[in-house]
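To keep things clear, I will list the structure first and then write my remarks on it.
Numbers here simply count residues along the sequence, with the first being 1. Model, not experiment: these values are computed from the prediction.
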Amino acid sequence: MRASDSERERIAERLREAVAEGRLTMEEFDERLDATYRARTHGELEPLVRDLPAPAGAGSVEPLPSSVPAVGGWQGRIGGTPTSRFGFAFWGGFGRKGTWTAPRRFTAVTLMGGGELDLRDARFEEREIVIRCFTVMGGMSVIVPPELTVDVTGAGFMGGFGESGVDAEPDPAAPRVRVTGFALMGGVGVVRKRTKAQKQRLKAERERERALERERRRAQKELPATERDRSGGAEETPGSAEGESSGGESS
């Protein structure tokens, strides 16, 4: 059975707990964490935590439902029947998030209200989609993964369209999203934000880098003492040679 990103993150979290409890050394943690993110199947993940206590109520690595798309597998996230084509809010709000399928063209309208479209875990009907946002005295938020290609071309009067969030290089394999429309006394914002799994992966990588840095510092502290021993032994030879030469001159 192929392993998902969420299953790898679950194993990485158990490893972090084990090293915090003293069950693993930093070297073992580093090796197992690296193997966790390289693992592709359950058979590769299970041996990494076989000798560690399982969390309460947890067993072996369980597969996630097939409806959850794999993060980064863009080809597998393109295609399918749209689950929603329109969003409307009047003195209220609406939202689309999770594993919904975004259509080729989505229209969002807000009147003195707000809406949120989250595309981080979404599927896409086609490789290129258009999101049309029309807001009057309201707001719209479009949340996208950092590697998604997004074109923002909307216009505003006493309002506007904007883009913010994490900077990242667009993935050529990722879909392209066009955000357009009109904002009157309101705003439409495109926010690039990582998923929880991506944040956990970056956290684990930073922990690994800090552990390696601690090992390098410890090695540097031990190095001067060794050098002093070597240099001290080397200084005795010239000194004894001088004594012998002076003794020879006096005689």
Side-chain angles (χ1 to χ4, degrees), residues 1-10 37 40 62-89 92-110 113-135 138-154 161-183 186-203:
M1 180 73 70
R2 300 284 291 185
S4 68
D5 281 351
S6 297
E7 290 163 348
R8 280 185 281 270
E9 291 301 335
R10 190 156 59 238
Y37 288 119
R40 292 292 176 265
E62 299 178 357
L64 294 178
S66 58
S67 60
V68 179
V71 177
W74 293 115
Q75 191 62 36
R77 294 174 61 176
I78 298 174
T81 303
T83 54
S84 179
R85 296 182 181 273
F86 185 79
F88 176 77
F94 74 88
R96 304 289 187 273
K97 60 182 179 179
T99 57
W100 71 295
T101 301
R104 178 177 61 86
R105 179 167 295 185
F106 186 93
T107 302
V109 179
T110 60
E116 180 181 276
L117 299 177
D118 192 337
L119 301 176
R120 290 177 295 175
D121 293 321
R123 297 180 61 89
F124 301 84
E125 181 183 16
E126 295 183 3
R127 184 170 293 279
E128 294 190 13
I129 69 172
V130 178
I131 298 176
R132 301 185 301 174
C133 301
F134 302 95
T135 178
M140 273 289 304
S141 178
V142 182
I143 304 175
V144 300
E147 62 274 11
L148 199 68
T149 301
V150 183
D151 299 324
V152 182
T153 58
F161 283 65
E163 186 176 358
S164 64
V166 179
D167 293 330
E169 289 293 331
D171 188 344
R176 178 181 293 272
V177 177
R178 284 185 55 218
V179 180
T180 185
F182 182 75
V188 176
V190 177
V191 183
R192 295 181 177 274
K193 188 184 296 185
R194 295 187 176 93
T195 62
K196 183 178 179 180
Q198 290 173 328
K199 292 178 181 178
Q200 289 177 339
R201 186 183 301 110
L202 291 175
K203 178 182 177 181

Has the side chain of Thr135 got a donor or acceptor atom that lies under 3.5 Å from a matching backbone atom of Gly187?
no

Kindly write out the residues that satisfy side chain to side chain donor-acceptor pair (under 3.5 Å) with Glu163, not counting sequence neighbours, or none if the list is empty.
Arg192

Side chain to side chain donor-acceptor pair (under 3.5 Å) filter on Thr149, not counting sequence neighbours, yields none

Got a donor-acceptor contact below 3.5 angstrom from the Arg176 side chain to the Arg127 backbone?
no

Nearest-0.5 Å distance, NZ of residue Lys193 to CG of residue Leu119
12.5 Å

Nearest heavy-atom neighbours spanning Cys133 and Val179:
SG-CG1, 4.3 Å

Could you pull out all residues at least two apart from Arg105 that satisfy side chain to side chain donor-acceptor pair (under 3.5 Å)?
none

Please list, chain by chain and in numerical order, all residues satisfying side chain to side chain donor-acceptor pair (under 3.5 Å) with Ser84, sequence neighbours excluded.
Arg96

Test item: Leu117 and Phe94 side chains (from C-beta on) under 4.5 Å apart, heavy atoms:
yes

Across all chains, not counting sequence neighbours, the side chain to side chain contact (heavy atoms under 4.5 Å, CB included) partners of Thr153 are Arg178, Thr180

Which value, rounded to the nearest 0.5 Å, describes the distance between Glu147 atom CD and Arg120 atom CZ?
11.5 Å

Shortest non-hydrogen pair, Ala89 vs Gly93, comes out as CB-CA, 3.7 Å

For Pro103, which residues count as a side chain to side chain contact (heavy atoms under 4.5 Å, CB included) partner, sequence neighbours excluded?
Pro82, Arg85, Trp100, Phe106, Glu125

Reported CZ-to-CZ distance for the pair Phe182 and Phe161, which is rounded to 0.5 angstrom:
8.5 Å

Measure the CE-CD distance between Met140 and Glu116 for me, rounded to the nearest 0.5 Å.
8.5 Å

How long is the gap from CD1 on Ile143 to CG on Leu148, to the nearest 0.5 Å?
13.0 Å

Does any part of the side chain of Ile129, heavy atoms only, come nearer than 4.5 Å to the side chain of Pro175, both counted from C-beta?
no

Nearest heavy-atom pair of Ser141 and Val191: which atoms, and what distance?
OG-CG2, 4.3 Å

